[in-house]
Amino acid sequence: MTLLTVWGDDSPAEPVLRTEDPTEIAAVLKEHGVRYEQWPLQHLSDESTNEEVLAAYQDRIDAVKKTEGYILVDVVQMRPSSDPGWPELVRNSREKFLNEHTHDDDEDRFFASGSGIFYLHVGGKVHAVFCEAGDLLSVPGGTTHWFDMGTNPEYKSVRFFHDEDGWVGNFTGSTISSNFPTYDEIAATR
Ligand SMILES: [Fe+2]
């Protein structure tokens with residue numbers, strides 16, 4: 001179940017809101033231009049390929065592309081592995097998104113399985129959206145945010161892009177993300 005936790009951006013110790021109510025989550029996020037939807041889950045296995053993920057949600061993906069004008073979609077999969085390269089892959093993947101940044105483009109993500117947390121730093125507050133399977137989150141371009149997939153990440157997510165450049169982050173240089181509970185810490189409270 002999706003979880004939204006909100007803190008003042010200088011008060012990481014005491015949340016001002018913690019809710020799992022999808023309607024309330026959507027309403028709070030909408031105030032900041034962030035779209036949040038839940039899609040009916042389609043059957044996928046751990047082994048499903050990127051193509052199978054896209055095929056399972058083709059109709060809804062096509063609808064988002066049409067409505068929002070996206071030209072590209074791709075799939076990112078992270079799945080715990082006994083491969084000796086897994087820890088380093090996790091470190092590199094996780095650190096890339098862990099510092100506060102913005103994008104010129106919107107950042108739309110659909111979680112077909114697994115989970116991850118988007119932290120949106122807007123309106124003097126930090127909004128941690130613990131996204132789970134079935135969640136679509138759209139972060140408008142220019143919104144300061146970071147993303148934590150945790151230290152043992154597992155998810156299949158669909159990404160949408162308006163141009164060929166793919167993921168381009170503009171880092172703010174702020175260290176605010178290190179002040180707030182991590183994915184692992186929030187996951188442990190559930
Ligand atoms: Fe981002």
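- Using a distance-only test at 3.5 Å, with no hydrogens or angles considered, a donor-acceptor pair links the side chain of Q77 to the main chain of S48.
- Relative orientation of the F111 and F118 rings is perpendicular, given thresholds of 30° and 60° on the angle between their planes.
- One hydrophobic cluster, built from ILVMFWY side chains closer than 4.5 Å, cannot hold both V73 and F161; they sit in different ones.
- In this model, no donor atom of one side chain and acceptor atom of the other lie less than 3.5 Å apart for T182 and D148.
- Here the straight-line distance linking atom OG1 of T19 with atom CG of L3 works out to 8.0 Å at 0.5 Å rounding.
- Within a 6.0 Å radius of NZ in K65, more than 12 heavy atoms belonging to other residues, nucleotides or ligands are found.
- Within 6.0 Å of the CD atom in E88, the count of heavy atoms belonging to other residues, nucleotides or ligands does not exceed 12.
- Between S45 and E52, every side-chain heavy-atom pair lies at or beyond the 4.5 Å cut-off.
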Verify side-chain contact (heavy atoms from CB on, under 4.5 Å) between L41 and Y57, making sure each step is shown before the conclusion. CA-CA 9 Å; L41 282 178; Y57 291 95; 3.5 Å; yes
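- Under 3.5 Å, the side chains of H121 and H145 contain no donor-acceptor pair of N or O atoms.
- The two atoms that bring P140 and G33 nearest to each other are CG-O, 3.1 Å, heavy atoms only.
- Each of V6 and I176 belongs to its own hydrophobic cluster when Ile, Leu, Val, Met, Phe, Trp and Tyr are linked at side-chain heavy-atom distances under 4.5 angstrom.
- Listed for the S11 side chain is no donor-acceptor partner under 3.5 Å among the backbone atoms of W7.
- Annotation: the span from L89 atom CG to D83 atom CG amounts to 8.5 Å, rounded to 0.5 Å.
- A centroid separation of 6.0 Å or more is found between the aromatic rings of Y119 and F180.
- A distance-only check finds a donor-acceptor pair linking the side chain of K156 to the backbone of D46 [under 3.5 Å].
- Both W86 and F97 belong to a single network of hydrophobic side chains, linked directly or stepwise wherever heavy atoms of I, L, V, M, F, W or Y lie under 4.5 Å apart.
- For the atom pair NE2 (H127) and OG1 (T143), the distance works out to 11.0 Å, reported to the nearest 0.5 Å.
- Two residues are said to be in side-chain contact when any heavy atoms from C-beta on lie closer than 4.5 Å; C131 and Y36 fail this criterion.
- Between the side chain of D135 and the backbone N or O of Q38, no donor-acceptor pair lies under 3.5 Å.
- Under the 4.5 Å side-chain heavy-atom criterion for ILVMFWY residues, a single connected hydrophobic cluster contains both V34 and L17.
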Verify side-chain contact (heavy atoms from CB on, under 4.5 Å) between V64 and Y70, making sure each step is shown before the conclusion. CA-CA 8 Å; V64 170; Y70 290 112; 4.0 Å; yes
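- V90 approaches G150 most closely through the heavy-atom pair CG1-O, 4.1 Å.
- When every heavy atom of G141 is checked against every heavy atom of D106, the shortest pair comes out as N-OD1, 2.8 Å.
- Remark: T49 OG1 to L44 CG distance equals 9.0 Å, nearest 0.5 Å.
- The two residues A133 and A112 make their nearest non-hydrogen contact at CB-O, 3.8 Å.
- Between the side chains of R190 and S115, no donor N or O sits under 3.5 Å from an acceptor N or O.
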Pair T5-F130, side-chain contact (heavy atoms from CB on, under 4.5 Å): steps then yes or no: CA-CA 8 Å; T5 313; F130 193 113; over 6 Å; no
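- Checking side-chain atoms of H101 against main-chain N and O of K96 turns up no donor-acceptor pair under 3.5 Å.
- Expressed to the nearest 0.5 Å, how far CG of D74 lies from CZ of F160 amounts to 10.0 Å.
- Between L136 and W39, some side-chain heavy-atom pair lies under the 4.5 Å cut-off.
- Under the 4.5 Å side-chain heavy-atom criterion for grouping Ile, Leu, Val, Met, Phe, Trp and Tyr, L4 is connected to V139 within one hydrophobic cluster.
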Report the C-alpha distance between R18 and T189 in whole Å, list the side-chain angles of each, state the deciding distance to 0.1 Å, and finish with yes or no for side-chain contact (heavy atoms from CB on, under 4.5 Å). CA-CA 12 Å; R18 183 180 162 104; T189 68; 3.2 Å; yes
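- The heavy-atom pair separating G142 from T102 by the smallest distance is O-CG2, 3.6 Å.
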Kindly indicate, with the supporting measurements, whether the criterion side-chain hydrogen bond (donor to acceptor under 3.5 Å, both in side chains) is fulfilled by D184 and T151. CA-CA 7 Å; D184 289 8; T151 56; 2.5 Å; yes
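- Partner of H103 under the ring pair (Phe, Tyr, Trp, His ring centres under 6.0 Å) criterion, chosen from F147, W146, F171, W167: W167.
- Applying the side-chain contact (heavy atoms from CB on, under 4.5 Å) test between L137 and each of T2, I25, D108, L29 identifies L29 as the sole match.
- Of the possible polar contacts, none joining the N152 side chain to the P80 backbone as a donor-acceptor pair under 3.5 Å is found.
- Under a 3.5 Å cut-off, the side chain of S157 and the backbone N or O of R109 do not form any donor-acceptor pair.
- Contact annotation: the side chain of R94 never approaches that of M78 to less than 4.5 Å [non-hydrogen atoms, C-beta and beyond].
- Here the NE2-CG distance, from H162 to D104, works out to 12.5 Å after rounding to the nearest 0.5 Å.
- In this structure, D62 places its CG atom where more than 12 heavy-atom neighbours from other residues, nucleotides or ligands lie under 6.0 Å away.
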